[in-house]
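Worksheet: the structure to be examined is printed underneath.
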Amino acid sequence: MGSYRFYLCPPGLIAPDEVPEGWGLLYAQERTIQRVVGPKGNSWTYGENTNYFNRRHEGSEIAMLVSALRRVQENA
């Protein structure tokens, strides 16, 4: 979902060289998240950061959201 794709895992579970092109890698440790691979800085829409931008699949995203809402209503 969304325009950016990241793997989130404990440190060392996925090595930076195992991450597919266009994806990012985040390490989660206790209460912190460390960006290992991915766009740099705060503006992700310029320069080399555009390599991490992926085309969204709006129809699929809406279908997932509708499915989740349906399950919330059924369990309420």
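The figures that follow rest on heavy atoms only: side chains count, while hydrogens, waters and symmetry mates do not.
- Applying the side-chain hydrogen bond (donor to acceptor under 3.5 Å, both in side chains) test to every pair with at least one member in residues 48-69, sequence neighbours left out, gives these pairs: Arg55-His57, Arg56-Glu61, Ser67-Arg71.
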Residues 9-23, side-chain donor-acceptor partners within the protein, below 3.5 Å, at least two apart:
{"unit_1": "Glu18", "atom_1": "OE1", "unit_2": "Ala15", "atom_2": "N", "d": "2.7"}

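- Residues that satisfy the side-chain contact (heavy atoms from CB on, under 4.5 Å) test with Ala63, not counting sequence neighbours, are absent from this structure.
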N/O donor to acceptor pairs below 3.5 angstrom from side-chain atoms of residues 34-47, sequence neighbours left out:
{"unit_1": "Arg35", "atom_1": "NE", "unit_2": "Pro39", "atom_2": "O", "d": "3.3"}
{"unit_1": "Arg35", "atom_1": "NH1", "unit_2": "Pro39", "atom_2": "O", "d": "2.8"}
{"unit_1": "Lys40", "atom_1": "NZ", "unit_2": "Gly38", "atom_2": "O", "d": "3.4"}
{"unit_1": "Trp44", "atom_1": "NE1", "unit_2": "Gly41", "atom_2": "O", "d": "3.0"}

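- In this structure, the separation between CG on Leu26 and CZ on Phe6 is 5.5 Å, given to the nearest 0.5 Å.
- Both Phe53 and Leu25 are part of a single hydrophobic cluster, where members link through side-chain heavy atoms under 4.5 Å apart.
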